[in-house]
Visitor: 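My structure is below; once you've seen it, I'll send some questions.
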Amino acid sequence: MIPQLITAIPGPQSLALGQRLKQVESPTVTYISDDFPIFWKKAQGSWVWDVDGNQFLDLTSAFGVATLGHRPEAMIHTIQEQSELLVHGMGDVHPSETKVELCEAISTITWGRWTGESAQTLLMNSGSDAIEAALKTAFLKTGKNLVISFKDAYHGLGYGALTHCGSKRFREPFHEQLQEHHIQLDYPKDADGMTLLKQQLALVDASQVGAVLVEPVQARAGTHVPPVGFLPLLREWTQEQGACLILDEIYTGFFRTGSYFACEQVGVVPDIICIAKALTGGYPISACVGSLEVMSAWPQSTGEALHTSTYLGNPLGCAIGVTAIKTFNQAQTQLQIKESCENWKQVLNNYTQHPLVKRIKGLGLMWAVEWDEQAVQKKHQISTASWNIQLGLDLLQKGIITLPEGNHGELLGLSPNITIDKELIEWACKQIFAT
Ligand SMILES: Cc1ncc(COP(=O)(O)O)c(C=O)c1O
């Protein structure tokens with residue numbers, strides 16, 4: 001099966017919704033023009049249907065969330081079952097059974113697998129929330145307020161998380177309100193980057209550093225895969241300095257890089273891990289998870305939680321999370337993940353010599369095509385960023401949904417789900433590289 005388009009893209013209904021939305025949504029949110037966006041109506045597996053009845057292939061997993069594909073059967077079943085019982089509870093006062101089950105499942109797949117011990121969890125709603133809970137945890141644990149983060153990092157846009165984002169575009173407008181308790185280092189992309197990082201770490205006054213916050217593979221910045229020694233170096237440094245290592249696996253978690261969590265590929269156990277996205281495959285639940293030792297820094301609740309939210313441990317979301325984890329743990333899913341990762345690697349490998357391609361970066365189910373600036377300029381007389389944005393629009397016209405990545409949108413990002421078979425991957429790549 002390939003995409004089925006029955007109207008111009010965007011179709012008349014999408015265009016009409018765009019005009020309506022413009023009137024009522026903050027102008028900063030949705031980019032609306034004559035050729036963008038399409039409005040989604042339904043989705044299943046790899047496929048998305050818009051309001052005009054056009055069927056698209058989703059190569060984004062909708063921001064890396066639908067790793068198992070859109071609306072897997074088991075999750076729909078759980079949603080139906082749980083919605084017959086309870087959709088909202090009193091998370092930090094009278095919790096639901098499903099909250100217990102999700103925290104147990106998270107403990108089992110993290111510290112349970114890594115050290116055989118239990119982990120403790122703070123459930124939250126968004127990725128940004130989970131990061132902020134982790135920052136509070138590290139501060140309580142160490143009493144030290146400086147945080148090391150990395151250039152180009154993306155950790156979400158709440159004030160706490162934004163403080164440690166590397167992108168100027170998001171930080172600048174709010175600069176005056178952001179805390180200055182952070183140090184930003186260069187994210188290493190090769191051996192020279194590692195040497196520079198070691199020099200930078202040697203210059204840091206570590207006495208006030210309570211946390212190092214890092215993405216094991218930088219996602220939004222352009223799928224930067226660091227050298228294998230990177231996380232072990234940070235693990236060693238944080239242990240020496242009495243700081244917490246916080247891994248932001250919101251994007252990389254749940255097999256996005258091929259393994260359950262990216263840190264497992266280099267044998268690093270963090271102090272705190274933040275997870276979200278594929279944890280529920282679409283319901284807004286995130287988690288800040290820590291070892292027992294680190295989480296014991298939080299005081300015992302005496303009836304008023306020191307950190308909570310109205311929707312903490314939402315019963316529906318927790319039930320979905322439990323089902324998602326069960327699904328990820330199934331042998332059949334493991335096989336599908338392995339095959340899918342292998343298929344993408346093999347097919348993309350055929351295009352590394354394409355005249356416009358500088359390189360294809362990534363691993364597992366997380367890839368980015370970096371275009372060759374000179375070759376693009378010569379052929380299309382535009383910058384790689386402009387070319388890449390145009391390519392995204394052209395692909396949408398062919399029924400393929402992709403996202404630009406990188407600080408200027410200059411890379412083509414691919415974060416596919418595991419339900420796309422090899423034939424469809426080959427077809428999709430033919431469209432992408434037909435230039
Ligand atoms: C690595 C990483 N951290 C944090 C976030 C923020 O998550 P949210 O948008 O749910 O706040 C994202 C979102 O894309 C992310 O990719």
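Source: prediction; values computed, not measured. Order of listing sets the numbers, starting from 1, for every ligand and every atom in it.
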Visitor: Ignoring hydrogens and geometry beyond distance, is a side-chain donor-acceptor pair present between Tyr159 and Gln177 at under 3.5 Å?
Guide: yes

Visitor: Which one holds for Tyr154 and ligand 1: side chain close, backbone close, both close, or neither close, with close meaning a heavy atom under 4.0 Å?
Guide: both

Visitor: Quick one: look at Glu215 and ligand 1, take heavy-atom pairs under 4.0 Å, and tell me if it's side chain, backbone, both or neither.
Guide: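 Side chain only; the backbone of Glu215 stays clear of ligand 1.
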
Visitor: Under 4.0 Å from atom 9 (O) of ligand 1, do we find at least one protein heavy atom?
Guide: no

Visitor: Could you identify the single nearest non-hydrogen protein atom to atom 16 (O) of ligand 1 and state the distance to 0.1 Å?
Guide: Tyr251 CD1, 3.5 Å

Visitor: Report the residue from Trp40, Trp49, Phe56 that forms a ring-ring contact (aromatic ring centres under 6.0 Å, His included) with His70.
Guide: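 Filter result, single survivor: Trp40.
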
Visitor: Taking distance alone, with no angle check, do Gly127 and ligand 1 share an N/O pair under 3.5 Å?
Guide: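 Yes: some nitrogen or oxygen of Gly127 is under 3.5 Å from one in ligand 1.
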
Visitor: So if I apply the side chain to side chain contact (heavy atoms under 4.5 Å, CB included) rule between Glu172 and each of Lys168, Arg169, Glu176, which one comes out positive?
Guide: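 Of the listed residues Lys168, Arg169, Glu176, the side chain to side chain contact (heavy atoms under 4.5 Å, CB included) partner of Glu172 is Lys168.
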
Visitor: Could you list which atoms of ligand 1 come closer than 4.0 Å to a heavy atom of Ser128?
Guide: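 By the 4.0 Å cutoff, the relevant atoms are 6 (C), 7 (O), 8 (P), 11 (O).
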
Visitor: Please check whether Arg220 reaches ligand 1 - meaning an N/O of the residue sits under 3.5 Å from an N/O of the ligand, judged on distance alone.
Guide: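 So ligand 1 has no N or O lying under 3.5 Å from an N or O of Arg220.
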
Visitor: Below 30° counts as parallel, above 60° as perpendicular, anything between as tilted: where do the rings of Tyr187 and His224 land?
Guide: tilted

Visitor: Distance to 0.1 Å, residue and atom name: give those for the protein heavy atom nearest to atom 6 (C) of ligand 1.
Guide: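 Ranked first by proximity to atom 6 (C) of ligand 1 is Gly156 CA, 3.6 Å.
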
Visitor: What atoms of ligand 1 come closer than 4.0 angstrom to any heavy atom of Asp248?
Guide: 1 (C), 2 (C), 3 (N), 4 (C)

Visitor: With rounding to the nearest 0.5 angstrom, report the CD1 to OG1 distance, Ile273 to Thr110.
Guide: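 It is 7.0 Å, given to the nearest 0.5 Å.
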
Visitor: Looking at ligand 1, would Lys277 count as a contact under a 4.0 Å heavy-atom criterion?
Guide: yes

Visitor: I'd like to check which ligand 1 atoms, numbered from 1 as shown, lie under 4.0 Å from a non-hydrogen atom of Ser126.
Guide: 10 (O), 11 (O)

Visitor: Tyr351 vs Val369, test: side chain to side chain contact (heavy atoms under 4.5 Å, CB included). Steps then yes/no.
Guide: CA-CA 10 Å; Tyr351 294 96; Val369 183; over 6 Å; no

Visitor: Aromatic rings His354 and Trp371: how do their planes relate, parallel, tilted or perpendicular, breaks at 30° and 60°?
Guide: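 Answer is perpendicular, since the angle exceeds 60°.
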
Visitor: Grab the two heavy atoms, one from Gly392 and one from Thr402, that are nearest each other, plus how far apart they are.
Guide: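 Closest approach of Gly392 to Thr402: CA-OG1, 4.0 Å.
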
